[in-house]
Amino acid sequence: MSNIIIPPGWRIPEREATPEHIFANRRRFLRTMGLGAIALGTIGCRAGDDHRAPAAAAAALPNPNLDLYPARRNSQYTVDRPLTDESIAAHYNNFYEFSETKERVSELVGGFQTRPWDLEITGLVNKPLKLTVDELVRKLPLEERVYRFRCVEAWAMTVPWTGIPLKKVLELAEPQSSAKYVRFTSFLRPDQAPNQKSATWYKWPYYEGMRIDEATNELAMMVTGIYGHELPKQHGAPLRIIVPWKYGYKGPKSIVRIELTEEQPPTFWNDLAPSEYSFLSNVDPTVPHPRWSQASERLLGNNERVTTLPFNGYGEYVASMYR
Ligand SMILES: Nc1nc2c(c(=O)[nH]1)N[C@H]1C(S)=C(S)[C@@H](COP(=O)(O)O)O[C@H]1N2
Ligand SMILES: [Mo]
């Protein structure tokens, strides 16, 4: 039945810039929905301000973590750019399990059940672990960090993430010295994620990986929240990875398993198009994607073009890992 569909292997990215009409339509949509006002109200918001969740953030079960948000801002991580408007970021998402159209993801996540949610840490560890996300956020303190975020498609945003250093989470399971890599696996629920059912040419579930020195770098975060509240589903609720010196796809959303391995794990985009998406995928303005330049990026919100920095501006934290 689906064999008339030609697998579009490398279909990931948008063109260099999103066509103007898509932006115009999206603005109209936001205005119609009355979201323009919310957008204005949250520009430049900080921990302690009134953080309002986008409409799509509603969870199926009561949220037991309201007391944890907003978490204390870690002021060590600062950026030279304004925060991206919350409602812009929440309506422009890469989450292929739901749709390949960024503007549609937030409309399609309604049936996705993100509570309760089990996370498993397994593989080369002394203490294999299975716990719920609601348990995890009571085990280790949450903090808020503002990071730049750079998608391989050359758009960028700046958002406050809430989470736990990934290193601390891994330590709960006591990695063995033979562990050299970390492999992440996202959820597999075709009944809740329409594109997992229909886009069968992808190798669901989404999987990613990195070296253990990268995963335990102080910048690597296990993220549970954004803008001072829990992650809305379209941002990868209830648990995702953020590694701000790498292209966005190295941060898998809605993960269910972390595995410590000796061998380098395969990764979703690298398997689909190895010549376009490398295992490391560190942000590098000097290495163009085969189909577009990586020298600059478009800021979500004002669409300004700014220069892309090596390691997305985080060289002082990570460059020594690659020498
Ligand atoms: N499971 C899963 N994780 C994913 C993706 C995806 O399609 N599925 N897309 C990646 C890409 S390409 C980007 S740019 C970011 C987008 O995150 P955001 O929608 O929260 O901005 O998620 C990454 N993680
Ligand atoms: Mo991306």
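Counting starts at 1 for both ligands and their atoms, in listed order. The shown structure was predicted, so the numbers you read here are calculated from the model rather than taken from an experiment.
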* Asked: So, does M157 sit close enough to ligand 1 that a heavy atom of it is under 4.0 Å from the ligand?
  -> yes
* More than 12 heavy atoms from other groups under 6.0 Å of CZ on R189 -> yes
* Going by heavy atoms in the side chains, are T308 and R150 under 4.5 Å from each other? -> yes
* Counting heavy atoms only, which part of E97 comes closer than 4.0 Å to ligand 1: side chain, backbone, both or neither? -> side chain
* Would you mind telling me if ligand 1 is within reach of the side chain of R240, the backbone, both or neither, using heavy atoms under 4.0 Å? => side chain
* Asked: Is any side-chain heavy atom of H235 less than 4.5 Å from a side-chain heavy atom of N93?
  -> yes
* Asked: If hydrogens are left out, which of N94, V152, I241 has an atom nearest to atom 13 (C) of ligand 1, that is, the closest non-hydrogen atom?
  -> N94
* Using distance alone, determine whether Y96 and ligand 1 share an N or O pair under 3.5 Å. => yes
* Purely on distance, is any nitrogen or oxygen of W269 under 3.5 Å from one on ligand 1? -> no
* Asked: Between W204 and Y96, is the gap from one ring center to the other below 6.0 Å?
  -> no
* **Beyond-backbone contact of Y77 with W161, side-chain heavy atoms, under 4.5 angstrom** => no
* Structure fact -> Counting from 1 in the order shown, the ligand 1 atoms closer than 4.0 Å to a non-hydrogen atom of C151 are 14 (S)
* Structure fact -> Check: of K253, Q234, K102, H235, min heavy-atom distance to atom 19 (O) of ligand 1 comes from K253
* Where on F95 is there a heavy atom closer than 4.0 Å to ligand 1, on the side chain, on the backbone, on both, or on neither? -> both
* Is there side-chain contact between E297 and W155, with at least one heavy-atom pair below 4.5 Å? -> no
* Considering only heavy atoms, which of G251, S99, S254 lies nearest to atom 24 (N) of ligand 1? -> G251
* Should we count CD of E263 as having more than 12 external heavy atoms under 6.0 Å? -> no
* Can you tell which of T267, T185, N270, D271 makes a side chain to side chain donor-acceptor pair (under 3.5 Å) with Y207? -> D271
* Asked: Distance from E120 atom CD to E259 atom CD, nearest 0.5 Å?
  -> 8.0 Å
* To do: Pick one of side chain, backbone, both or neither for how F149 approaches ligand 1, counting any non-hydrogen atom pair under 4.0 Å.
  => side chain
* **N93, any N or O under 3.5 Å of ligand 1 N or O** => yes
* For ligand 1, is W155 a contact, meaning one of its heavy atoms is under 4.0 Å away? -> yes
* Counting only heavy atoms, which portion of S186 has something under 4.0 Å from ligand 1: side chain, backbone, both, or neither? -> side chain
